[in-house]
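Heads up: the structure comes next, in structure tokens.
Order of listing sets the numbers, starting from 1, for every ligand and every atom in it.
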Amino acid sequence: MDARLSTSNSLFPYKILKSMSRANLSTMEAAPNSPSEPRPSNFIRDAMIEDLKTKKFGDAVIQTRFPPEPNGYLHIGHAKAICLDFGLADEFGGKTNLRFDDTNPEKEEQEYVDSITKDVRWLGFEWERLCYASDYFDQLYEWAVKLIRDGKAYVDDLSAEEIRQHRGTLTEPGTESPYRNRPAEENLDLFERMRKGEFPDGSRVLRAKIDMASPNLNLRDPVMYRILHAEHHRTGDKWCIYPMYDYAHGQSDSIEQVTHSMCTLEFEDHRPLYNWFIQQLGIFPSQQFEFDRLNVTYTMMSKRKLLKLVQEKLVSGWDDPRMPTLSGIRRRGYTPEAVRNFVAASGVSKTNGTLELAMLEHFVREDLNKHAPRVMGVLRPVKVVIDNYLEGQVEEVDAVNNPEDESAGKRKVPFSKVLYIEQDDFREDPPKQYYRLSPGREVRLRYGYFITAKSVVKNERGEVVEVHCTYDPATRGGNAPDGRKVKSTIHWVSAAHALDAEVRLYDRLFTKEDPNQVEESQEFTANLNPNSLEVIAQAKLEPSLANAPIEGRYQFERLGYFCVDPDSKPGHLVFNRTVALKDAWARIEKKSGS
Ligand code: ATP
Ligand code: MG
């Protein structure tokens, strides 16, 4: 069984489960609770099982493809398509091609091709063959000539606007173009001359001759080729006519002998056309299956809109850690395992839905909890001076690297007289239910000693800059021999040994669950969260992080998961907050409205 698509739901919180009802609770309820239970099936897997049983494709194995258009970076929605295309084929010992659907020369670039291949591999998948729709331009042209000869396609001189007007509506049939019944010879001549570049952009198109009265608008003589004098990122200026998606896609599938071609629901109405071309040409009978688009709250999955954020510099780039792109979430510290588990839990359905961002974050925490080493770091430092600790003394205390993984071992952390703790972990006037450090209160320093706050030093603005404490030497390691208890344990970093670091705290990119909901006259960018990035210039981290590698992922104890940003250099560490831990205190504070 392929562990990549299996999901562990043992920690699945009810709240998230309930919120999923918007998408597909039915698949979720059938989801396995342990890896030994069978995973829920779906209609695409069922079709594969049936097709293998009836030998619909003879002895051929399941063949799928992932067909991105190289006009932007991949996002979490694409991860769902990738997991389905690769995951399902893999399950049956089949194969998957990565095919660039590069039929729109004006929007496509090599940069996107490179990022897409990198992101698919990052997610954990390797393709059988790397293909390009543009590799098939010659074949597609020949097939178009055949359709013209067979009286199934014609050159139309109507303008795009006129074609639209002739198309009719959902309730009214279209009207035939006056050029529809051109003799095949004339069509062949015109099509050849279109290819040679004799006509300007937009002056003519090649259309399939199907049925202008079809209830399915896609079958009302769809355009197969348009004239576009544009440089293509791979074929250069060889072509000045380019096939439309509907004419290129099914035939590309067929050429690659794709048995199960998966795409999102908006292509459901295109399926009859997909089948029509394949039938007319009598070529390999690829079949199309449609599944639900994945959406996540507080973000959006449209490449066009993400491009706008990049172009208008509203984010730092496609890999800005707030972006839902795979390169963005990688930089943010999300793991491929977490994304695959999230996608698997989202199921496969026939209705589009929106999943909670909290659900995605749940899977990120679940995976990082298992694998991320624990360290101590203080984001907003205040000094603690232990008055009865020997000046100049340094002790190395043992710290556990990962309580979830014994093999991760232990490390030594230096402890000394002057430490940093979080400002939040000290209150001069503690509210009710606040159990951290406050005057007269004893707390545990993680892996260290019990300390009791005695007095404070303030600056001229009245802010506490030093908390003077005493420690109990008998409590080394964190326990009192007399068995007395403390109500809280706080993290710390030895001031003399601390590393300075820049820490970038991210929040959701948009303020609205559905960023597309805007007042009239507004754009989706009006919903951008102005506080989605907070930079902490001088956090204090334990010295073991001095050589942390780029993309290294850690749990800063009690704070959350953080990873090393590519901007990080020796001497100038930069960390991104991947996701916060759930903060019990923040919840209490919020509930009481204080
Ligand atoms: P966008 O609207 O963001 O530009 P697209 O569908 O045009 O997306 P493609 O590059 O054509 O992007 O997508 C490649 C594959 O990924 C297609 O099969 C498409 O159906 C699938 N896909 C795209 N977005 C999603 C999504 N949000 N959820 C699931 N699958 C998706
Ligand atoms: Mg597309």
- Subset of ligand 1 atoms that lie under 4.0 Å from at least one heavy atom of Phe291: 29 (C), 30 (N)
- Task: Classify the contact between His75 and ligand 1 as side chain, backbone, both or neither, using a heavy-atom distance cut-off of under 4.0 Å.
- Result: side chain
- Go through ligand 1 atom by atom and flag the ones less than 4.0 Å from a non-hydrogen atom of Ala81. 16 (O), 21 (C), 30 (N)
- Charged N to carboxylate O under 4.0 angstrom, Glu256 versus Arg65? no
- Task: Would you mind running through ligand 1 and noting each atom that sits below 4.0 Å from a heavy atom of Glu69?
- Result: 9 (P), 10 (O)
- Query: Under 4.0 Å from any heavy atom of His78, which atoms of ligand 1 are there?
  - Reply: 8 (O), 9 (P), 10 (O), 12 (O), 13 (O), 14 (C), 16 (O), 22 (N), 23 (C)
- What about the rings of Tyr242 and Tyr225, do their centers lie closer together than 6.0 Å? no
- Item | Option with minimal heavy-atom separation from atom 6 (O) of ligand 1, where the choices are Arg293, Arg99, His249, Lys107 | Arg293
- Message: Polar contacts were defined as any N/O atom of the residue lying under 3.5 Å from an N/O atom of the ligand; does this apply to Asp292 and ligand 1?
- Response: no
- Assess Lys305 against Phe524: is NZ or CZ under 6.0 Å from the centre of the six-membered ring, and within 45 degrees of the ring's axis? yes
- When Tyr506 is tested against each of Asp320, Asn529, Asn576 for side chain to side chain donor-acceptor pair (under 3.5 Å), which residue passes? Asn576
- Query: Can Arg331 and Asp565 be counted as an ion pair, charged N to O under 4.0 angstrom?
  - Reply: yes
- Please confirm whether Pro68 comes within less than 3.5 Å of ligand 1 when only nitrogen or oxygen atoms on both sides are compared. no
- Query: Using 4.0 Å as the upper bound for N to carboxylate O, is an ion pair formed by Arg322 and Asp507?
  - Reply: no
- Electrostatic pair Glu523-Lys308, nearest N-O below 4.0 angstrom: yes
- Message: Please state which option from Thr264, Ile116, Leu84 has its nearest heavy atom closest to atom 19 (C) of ligand 1.
- Response: Thr264
- Counting from 1, what ligand 1 atoms have a heavy atom of Ser302 closer than 4.0 Å? 3 (O)
- Query: Salt bridge or not for Lys238 and Asp138, using N-O below 4.0 Å?
  - Reply: yes
- Item | Backbone or side-chain N or O of Pro67 under 3.5 Å from ligand 1 N or O | no
